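Shown next, in structure tokens, is the structure this report addresses.
Worth saying up front: this structure is predicted, and the values here are computed from it rather than measured. Quick note: numbers below take in every heavy atom, side chains included, and nothing from hydrogens, waters or symmetry partners.
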Amino acid sequence: GYRVSLQGNFFGHNHTYVTFPEYNPREYIKLDPPLNIQSNATANKCQIWWSVWNVPWYLTEILQYELQYKEYSMSWEIALNKTPLSPLPQIEIEAMELRSGIAYVARVRCKVSENENSYHSQWSEWSQTTVFQRADVTKLSEKILNTRTMQFLLIPLSFGTLLYLFRNCKLSQKASPSLTFPRQLLSFSHSTVCTMGISR
């Protein structure tokens with residue numbers, strides 16, 4: 001550790017004051033805020049990720065993050081907090097935690113994990129924000145429902161059209177009995193040919 005003292009001239013006399021008799025820099029770390037926070041929202045979840053910089057490699061694996069998110073129009077004082085379970089710079093928010101059609105904004109900060117004994121730090125400043133919105137599940141469901149409804153309507157409609165054509169075909173056959181069966185049609189053609197032969 002180090003000894004930190006303050007020395008100065010007060011009322012014409014030099015004085016030395018010991019501020020920290022034993023100062024250990026490992027216990028007074030404040031990291032820079034995370035950078036490049038980004039998000040990708042779907043109908044099922046929202047993925048948020050970021051990066052850190054100016055952090056020694058031996059600290060990156062023992063970092064702890066805290067994410068805050070809220071509705072865009074609300075105050076940060078009522079924001080919700082979420083802590084990733086791993087030191088990886090990413091987190092997921094389930095769709096059930098978000099309201100459909102509402103824009104959200106999120107930010108993140110970091111510090112050395114509280115489970116670490118070798119280093120101690122305070123929270124960094126908050127990062128820049130990212131804005132995201134859950135995909136509209138209602139419209140997606142309505143689109144699927146409308147597609148299935150059209151399929152169910154086309155099946156009876158097609159069947160009805162075929163039935164209509166079949167009945168009209170039978171009525172046409174009744175109106176022309178000489179053409180009902182292939183044998184009658186063949187007999188009719190044969191007699192016509194014979195008559196024409198006799199006439200010649």
| task | Give the intermediate values and the outcome of side chain to side chain contact (heavy atoms under 4.5 Å, CB included) for residues Leu67 and Ile93. | result | CA-CA 10 Å; Leu67 179 88; Ile93 303 176; 4.0 Å; yes
| message | Between Lys111 and Glu66, does any side-chain N to carboxylate O distance fall below 4.0 Å? | response |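 A salt bridge is absent here (no side-chain N lies under 4.0 Å from a carboxylate O).
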Heavy-atom pair with the smallest gap, counting every atom of [X] and [Y]:
X      : Y      : value
Leu98  : Cys46  : CD1-CB, 4.1 Å
Val112 : Leu31  : N-CD1, 4.5 Å
Ala106 : Ile48  : CB-CD1, 4.0 Å
Gln64  : Ser113 : OE1-CA, 3.6 Å
Arg109 : Pro34  : CA-CD, 4.0 Å
Gln47  : Trp49  : O-CZ3, 3.5 Å

Tell me if a side-chain donor or acceptor on [X] pairs with a main-chain N or O of [Y] at a distance below 3.5 Å.
X      : Y      : value
Ser75  : Ile78  : no
Ser39  : Thr130 : no
Arg107 : Gln68  : no

How long is the straight-line distance from [atom2] of [Y] back to [atom1] of [X], given to the nearest 0.5 Å?
X      : Y      : atom1 : atom2 : value
Trp76  : Met74  : CH2   : CE    : 13.0 Å
Gln133 : Arg99  : CD    : CZ    : 11.5 Å
Asp32  : Cys110 : CG    : SG    : 8.0 Å
Gln38  : Ser51  : CD    : OG    : 8.0 Å
Met96  : Lys45  : CE    : NZ    : 12.5 Å
Thr83  : Ile91  : OG1   : CD1   : 7.0 Å

| How are the rings of Tyr65 and Trp50 set to each other: parallel, tilted or perpendicular (split at 30° and 60°)? |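 Answer is perpendicular, since the angle exceeds 60°.
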| said: Is it true that, when you exclude Glu114 itself, more than 12 heavy atoms of the residues, nucleotides or ligands shown sit nearer than 6.0 Å to its CD? | reply: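 No, CD of Glu114 has 12 or fewer neighbouring heavy atoms, counting only those of other groups under 6.0 Å.
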Hydrophobic cluster membership, with links at side-chain heavy-atom distances under 4.5 Å among I/L/V/M/F/W/Y: are [X] and [Y] in one?
X      : Y      : result
Val131 : Tyr69  : no
Phe132 : Ile102 : yes
Leu59  : Trp57  : yes

| task | May I have all residue pairs that pass side chain to side chain donor-acceptor pair (under 3.5 Å) and include part of residues 119-129, sequence neighbours excluded? | result |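 For residues 119-129: Lys30-Glu125.
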| field | Audit row: Val55, Leu63, side chain to side chain contact (heavy atoms under 4.5 Å, CB included) steps and yes/no | value | CA-CA 10 Å; Val55 177; Leu63 290 183; 4.3 Å; yes
